[in-house]
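Nothing here was measured: the structure is a model prediction, and the numbers come from that model. Sequence positions, counted from 1, serve as the residue numbers for this chain.
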Amino acid sequence: MYRCPIRLPHVTWLRAFEAAARHRSFSDAAAELNLTPAAVSQQIRLLEHHLGIQLFQRLPRGVALTDIGQAYAVPIRKSFTEMQDATEGLFTVRRTRRVRVRASISYATLILAPRLKEFRDRHPDIEICLSTAVWSDRMDDEAIDLDIRHGSGRWQEQGIWQLGHEIATVVCHPDHARCFGPAPRIQEVLAAGIVPVLGSEVEWSRLSHSFGLDFPAPPVWMKADSSLIALQTVAAGFGAALIHESFARPFIDRRVLVSPFEYRLPMREAYYLVARDDVGARSEVEAFRNWILGLARTGADRRGPAEGAAR
């Protein structure tokens with residue numbers, strides 16, 4: 001036999017029913033809905049009449065759901081929750097929290113960018129705007145909140161935090177290393193040409209002096225203005241470069257480059273996180289600062305005690 005479907009009840013009746021079912025009280029439901037208990041009772045009676053079934057048992061003190069009332073309350077509550085979530089998700093205007101970060105192209109590409117998803121997973125409401133620069137020693141751009149800067153750490157800004165300690169290693173292409181036999185000597189490899197990074201040319205003589213290698217100034221094949229360019233150049237198969245180990249690690253892990261010598265040179269300068277003086281105590285800036293300092297501590301732990309002692 002065909003059964004005519006029941007029309008959906010009025011939403012105000014359903015709202016009164018959901019509140020009363022949740023509180024197990026007409027009075028508490030009335031207080032939540034800014035109605036009188038009599039109005040709530042009347043709306044529930046209209047709902048029961050519409051459905052043709054009793055949803056509440058009226059007790060001397062309070063009310064209790066009938067079995068069918070309990071079964072009906074579950075999907076009604078779920079429907080109201082879903083409507084509330086959809087309304088908030090689609091129509092609530094949220095204030096965008098944004099952190100504007102500038103970093104060297106090498107640090108941004110090799111260290112920061114591959115790990116930003118981790119930050120996003122922790123703070124999905126914070127947007128990171130990342131820009132790069134080859135050289136930077138001051139923040140005269142109000143469009144930057146935080147600067148990741150390489151140097152001594154002695155700058156005018158008040159908020160400066162060191163991002164670990166750097167160690168440099170000699171890297172080259174595996175085929176280039178094999179040209180010098182199964183146990184290449186560093187003097188022979190460097191004599192074939194190097195790709196120094198501008199501003200760090202003196203590190204080659206420091207390497208020679210620190211480990212008593214006594215090699216002459218290596219011939220320069222080309223100079224690069226960033227570690228990233230130097231890495232890409234030697235990865236193409238020619239020359240050697242003296243690079244921060246944290247920068248070289250992705251290339252070494254992918255076996256694009258090798259570090260054929262045990263020499264690890266502690267660097268005199270490091271990367272620092274620098275805050276613009278007027279950035280203020282913004283929670284999103286604090287969240288990024290705590291995250292990247294934790295990242296730096298994790299990186300130091302992974303380098304292990306031997307390399308930590310070398311610093």
Side-chain angles (χ1 to χ4, degrees), residues 1-101 113-130 145-146 279-295 297-298:
M1 177 183 295
Y2 176 75
R3 188 175 178 185
C4 184
I6 299 176
R7 290 186 298 109
L8 283 175
H10 199 287
V11 69
T12 56
W13 305 345
L14 293 173
R15 173 54 83 186
F17 167 69
E18 189 279 329
R22 180 162 31 89
H23 289 292
R24 299 293 199 275
S25 166
F26 287 178
S27 297
D28 290 346
E32 178 183 314
L33 300 174
N34 293 320
L35 297 172
T36 65
V40 170
S41 178
Q42 175 65 16
Q43 289 179 5
I44 290 174
R45 281 198 181 93
L46 291 171
L47 176 62
E48 290 175 326
H49 177 74
H50 178 83
L51 297 174
I53 198 162
Q54 186 178 354
L55 299 172
F56 285 96
Q57 292 178 348
R58 276 69 172 176
L59 305 175
R61 293 186 178 181
V63 293
L65 285 164
T66 62
D67 290 343
I68 191 66
Q70 181 67 48
Y72 193 44
V74 173
I76 294 301
R77 183 173 303 125
K78 182 174 183 291
S79 296
F80 274 110
T81 300
E82 289 177 348
M83 286 189 289
Q84 182 69 33
D85 291 345
T87 302
E88 290 182 354
L90 291 172
F91 302 107
T92 299
V93 178
R94 303 181 189 276
R95 183 178 72 88
T96 300
R97 299 204 295 162
R98 181 180 294 114
V99 182
R100 300 162 301 180
V101 182
R115 294 169 173 83
L116 280 178
K117 184 182 182 301
E118 175 190 327
F119 179 82
R120 181 71 175 183
D121 290 343
R122 294 187 185 184
H123 305 280
D125 59 327
I126 300 178
E127 176 185 330
I128 300 297
C129 295
L130 179 60
D145 299 317
L146 298 170
V279 74
R282 288 160 44 197
S283 60
E284 59 269 30
V285 173
E286 185 73 7
F288 184 86
R289 182 178 74 88
N290 291 337
W291 172 75
I292 198 168
L293 290 178
L295 197 68
R297 286 192 295 270
T298 302

Worksheet entry | Test log, rule side chain to side chain contact (heavy atoms under 4.5 Å, CB included), inputs V101 and F288 | CA-CA 10 Å; V101 182; F288 184 86; 3.9 Å; yes
Response to the item:
Here the pair of heavy atoms bringing L51 nearest to P9 is CD2-CG, 4.2 Å
Worksheet item: Residues in side-chain contact (heavy atoms from CB on, under 4.5 Å) with D28, at least two apart?
Response: H23, S25
Fill in: Worked verdict on L146 versus V99 for side chain to side chain contact (heavy atoms under 4.5 Å, CB included)
CA-CA 8 Å; L146 298 170; V99 182; 3.9 Å; yes
Item to complete: Could you tell me which residues satisfy salt bridge (Lys or Arg N to Asp or Glu O under 4.0 Å) with R120, sequence neighbours excluded, listed by chain and number?
Response: none
Fill in: Approximate separation, where rounding is to 0.5 Å, of L295 CG and F119 CZ
11.5 Å
Worksheet entry | Trace of the side chain to side chain contact (heavy atoms under 4.5 Å, CB included) decision for F26 with L35 | CA-CA 10 Å; F26 287 178; L35 297 172; over 6 Å; no
Worksheet item: Taking R22 for the side chain and A29 for the main chain, is one N or O donor matched with an acceptor at less than 3.5 Å?
Response: no
Worksheet entry | salt bridge (Lys or Arg N to Asp or Glu O under 4.0 Å) pairs, two or more places apart, involving residues 70-80 | E18-R77, K78-E82
Worksheet entry | salt bridge (Lys or Arg N to Asp or Glu O under 4.0 Å) partners of D121, counting only residues at least two apart | K117
Worksheet, complete the sentence: Smallest heavy-atom separation, W291 atom then R115 atom, equals CZ2-O, 3.2 Å
Worksheet item: Is the CG atom of L8 crowded by more than 12 outside heavy atoms at less than 6.0 Å?
Response: no
Worksheet item: Say you draw a straight line from CZ of F17 to CD1 of I76; how long is it, rounded to the nearest 0.5 Å?
Response: 7.0 Å
Discussion item. Within this structure, what is the NE2-CZ distance for the pair H10 and R15, rounded to the nearest 0.5 Å?
Written reply: 13.5 Å
Worksheet item: By side-chain contact (heavy atoms from CB on, under 4.5 Å), which residues pair with L293, not counting sequence neighbours?
Response: W161, L163, R289, R297
Fill in: Nearest heavy atoms of R98 and E284, plus distance in Å
O-CG, 3.9 Å
Practice prompt. With sequence neighbours left out, write down each residue that passes side-chain hydrogen bond (donor to acceptor under 3.5 Å, both in side chains) with T36, or none if nothing qualifies.
Written response: none
Response to the item:
Applied to residues 52-76, the side-chain hydrogen bond (donor to acceptor under 3.5 Å, both in side chains) test, sequence neighbours excluded, yields R24-Q70, E48-R58
When the side chains of residues 39-46 are checked against the rest of the protein, which donor-acceptor pairs come out under 3.5 Å, sequence neighbours left out?
from: S41; atom 1: OG; to: R45; atom 2: NH1; distance (Å): 2.8

Item to complete: Could you list the residues that satisfy ring pair (Phe, Tyr, Trp, His ring centres under 6.0 Å) with H50, not counting sequence neighbours?
Response: W13
